[in-house]
Number of protein chains: 2
Amino acid sequence: MRGQHSATLDDVARAAGVSRATASRVITGQGPASARSRDRVAQAVAKLGYVPDAAARALASRSGTRLAIAVIGHTAAILDDPYVGRVLTTAAHIAAEREVGVSLHWVPLGASLATLAGSHNLGGLVVVNPTQPALHTVPKAMRGRTAAIGVGTKDVPSFDVDNGSGTDGVVRHLVNTGRRRIAMVTGPSWLPCVDRARDAYQQIMRDSGRETRVVSGDFTAARGAAAAKEIMTRWPDTDAVFALSDLTALGVLDGLHAQGIRIPADVAVAGFDDIAFACLSRPALTTSTHPVEEIAAAAARAVLDRGDTGQTTFFPSTLVVRESA
Amino acid sequence: MRGQHSATLDDVARAAGVSRATASRVITGQGPASARSRDRVAQAVAKLGYVPDAAARALASRSGTRLAIAVIGHTAAILDDPYVGRVLTTAAHIAAEREVGVSLHWVPLGASLATLAGSHNLGGLVVVNPTQPALHTVPKAMRGRTAAIGVGTKDVPSFDVDNGSGTDGVVRHLVNTGRRRIAMVTGPSWLPCVDRARDAYQQIMRDSGRETRVVSGDFTAARGAAAAKEIMTRWPDTDAVFALSDLTALGVLDGLHAQGIRIPADVAVAGFDDIAFACLSRPALTTSTHPVEEIAAAAARAVLDRGDTGQTTFFPSTLVVRESA
DNA sequence: CTCACACATGGAAGCGCTTCCATGGCAATA
DNA sequence: TATTGCCATGGAAGCGCTTCCATGTGTGAG
């Protein structure tokens, strides 16, 4: 500790022969400074290997420079899902372009975001899979710099995949290819997007005079395998299964396979998300795209660039027909 | 929540009728405080919805409370790989237990870690896939709170999968099941773990009088597909392919498949990592485990709990035999 | 040659918090 | 009752930085 203190702005100012105020101006690029001062400060910075202290900076300027990603209501199973990782890596890239850092926070379902968002060193907040109540716990001061991936509020713009029409596309494809008894495996019931998708499914089924067969899921592969068994037990004549997550669909594939059911000959299987592995499975998975990177980038940009507030932007999901359906 | 500014410690102290010092002691739990003070402060905190400012706290206490994860030399392809996501989510959990946040930072190969690590608001640093030079750019003040996932230095403890013996296990399995002409698809050449694995492979091949067939890879599925073609073109009689990454192995599976090659009848395929999808592919992938969560947890704990420095801990990798080999 | 005006500059006041230190009160001891 | 010691307490000094403001210094105009 002693002696090895890293250089402070004072050290730089002293070495450059200017005041701390001038050094600060030069380094932040805000305010006037003569060419001479600029040079000397730049040299001092280089010589001392000066690195501004983010904490002090955030405190003094009252405007933090970090993008926080809060993931609501996660479960351990999320570890297997590339989803959060994709959101995060994308956000990190967008943030890096603007020289801001990114941080990840798990927020239990029902917990407040105040602790997280009440910090001076936050530049923005992206809430993944929020609930409306959760969004209301965001302090006013942070409202203008918050975006949601999922549902939003009138203050918080949101970005999400249009899985209503995505589901529509998938189910219609199933119908058009002659499937008659189509079951659906949903996701966590507290997610609004799950409702949208289920509604779309039920709509089509009813419109075409078909029976609806819904089993609830949790986006995991394990649940998919279990759901496959459940479905074939309750409705043995099922000839298609649509899962609202590719991971789950892959699990369904596995569960069906274990029962000796041929895909797609006996039962068609379709997923949602078009994850990287969808084209690697045997049979390759028919699914609908989920432009996670685009969505995450839009959300990150919205908070970093102070975009409009309280709008919901839906990103289109397009059908990808492969072998499983 | 009322007014523009959120409550400060001063507001709490005033509301509780104590000094700021006392309020601070109560809130941090450090130092003495009478039951009466504790009560009044707790009430004031609840009433005002007080949330400590992380920046100010880090600045004043000179000890940040955030775990930074720096990923070295990433490429966009890493987006498809659950690896970083798994490290991150695990670290986030460990960190959350200690009420510290986590941040993610991309660091280009060859860049310095000084900017990142020179901040007062950092509680610890975990460097993923570091190079030795990169580790040397970590400021001394941060050395004791830094860990590496991959190679370490004498100051920085490191945690990694023992892919030397893991590779050993896989290749031996290939040999024992009658494969004679075994090719290997490696990973990025700048990663030390790639060297260890390749060495292990070459050792066995030489020891058993076999020819080595090495193709370099980058851990992506796309490269795996390309490598499959390359291998079968250069060495048409190859009867087994070992890829140092499941993602790549999945790509190999795909590439081989496209050439009408049967797996494992014609060519056996084995991967490394045992990712969630390994058991979902057709045929299910034979591989060797990579306990990413354990490794990440150990690294996170090492920096958060100030563990020993400069040690390398290898985590065992065990063979998982499925259908592809 | 003077006046005004712009601009670069340094002093100083914080940002919200922790922590050292001196003080005062109180119970236990003599 | 006088003394010791401990503990709760508040005052005050920063942590490293930004930024307001008053002060010089040089320029162009009058």
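What you are looking at is a predicted structure, and each value in this text was computed from that prediction instead of being measured. We name chains A, B, ... by the order of the sequence lines, and we start the count at 1 in each one. Hydrogens, waters and symmetry mates play no part in the numbers below; they use all other heavy atoms, side chains included.
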If the condition is side-chain contact (heavy atoms from CB on, under 4.5 Å), which residues does [X] pass it with, not counting sequence neighbours?
X        : answer
Asp10(B) : Thr8(B), Arg14(B), Arg20(B)
Ala33(A) : Val26(A), Arg38(A)
Gln43(A) : none
Ser63(B) : Ser61(B)

Restricting to salt bridge (Lys or Arg N to Asp or Glu O under 4.0 Å), what partner residues turn up for [X], sequence neighbours left out?
X         : value
Asp39(B)  : none
Arg196(B) : Asp160(B)
Arg143(B) : Asp155(B)

Practice task
Specify the separation, in whole Å, of atom CZ of Arg62(B) and atom P of dG16(C).
Solution key: 18 Å
Return the polar atom pairs (N/O with N/O) between nucleotides 7-12 of chain C and the protein under 3.5 Å, or none.
from	atom 1	to	atom 2	distance (Å)
dT9(C)	OP1	Ser34(A)	OG	2.8
dT9(C)	OP1	Ser37(A)	OG	2.6
dT9(C)	OP2	Ser34(A)	N	2.9
dT9(C)	OP2	Ser34(A)	OG	3.4
dT9(C)	OP2	Ser37(A)	OG	2.9
dG10(C)	OP2	Ser19(A)	N	2.8
dG10(C)	OP2	Ser19(A)	OG	3.2
dG10(C)	OP2	Thr22(A)	OG1	2.8
dG10(C)	N7	Arg25(A)	NH2	3.2
dG10(C)	O6	Arg25(A)	NH2	2.5

Practice task
Report which part of the nucleic acid Thr8(B) touches: base, sugar-phosphate, or nothing (heavy-atom distance under 4.0 Å, all strands).
Solution key: sugar-phosphate
Problem - Net bend of the helix from dC1(C)-dG30(D) to dA30(C)-dT1(D), end axes of five pairs each, nearest 10 degrees - result: 40°
Handout entry: Minimum heavy-atom distance between Leu135(A) and Pro130(A), given as atom pair plus value
Key = CD1-CB, 3.6 Å
Handout entry: Within residues 104-120 of chain B or reaching into it, pairs that qualify as salt bridge (charged side-chain N to carboxylate O under 4.0 Å, His left out) - sequence neighbours excluded
Key = none
Fill in the blank from the handout: Whichever of Ala60(A) and Gln30(B) has the more 5' nearest nucleotide on DNA chain C, that residue is Ala60(A)
Problem - Contacts of Thr28(B) that satisfy side-chain hydrogen bond (donor to acceptor under 3.5 Å, both in side chains) - sequence neighbours left out - result: none
Protein-nucleotides 22-27 of chain C N/O pairs closer than 3.5 Å?
none

Exercise for the section: Return the 5'-most residue of the pair Arg57(A), Leu59(B) with respect to DNA chain D, ranking by each residue's nearest nucleotide. Expected result: Leu59(B)
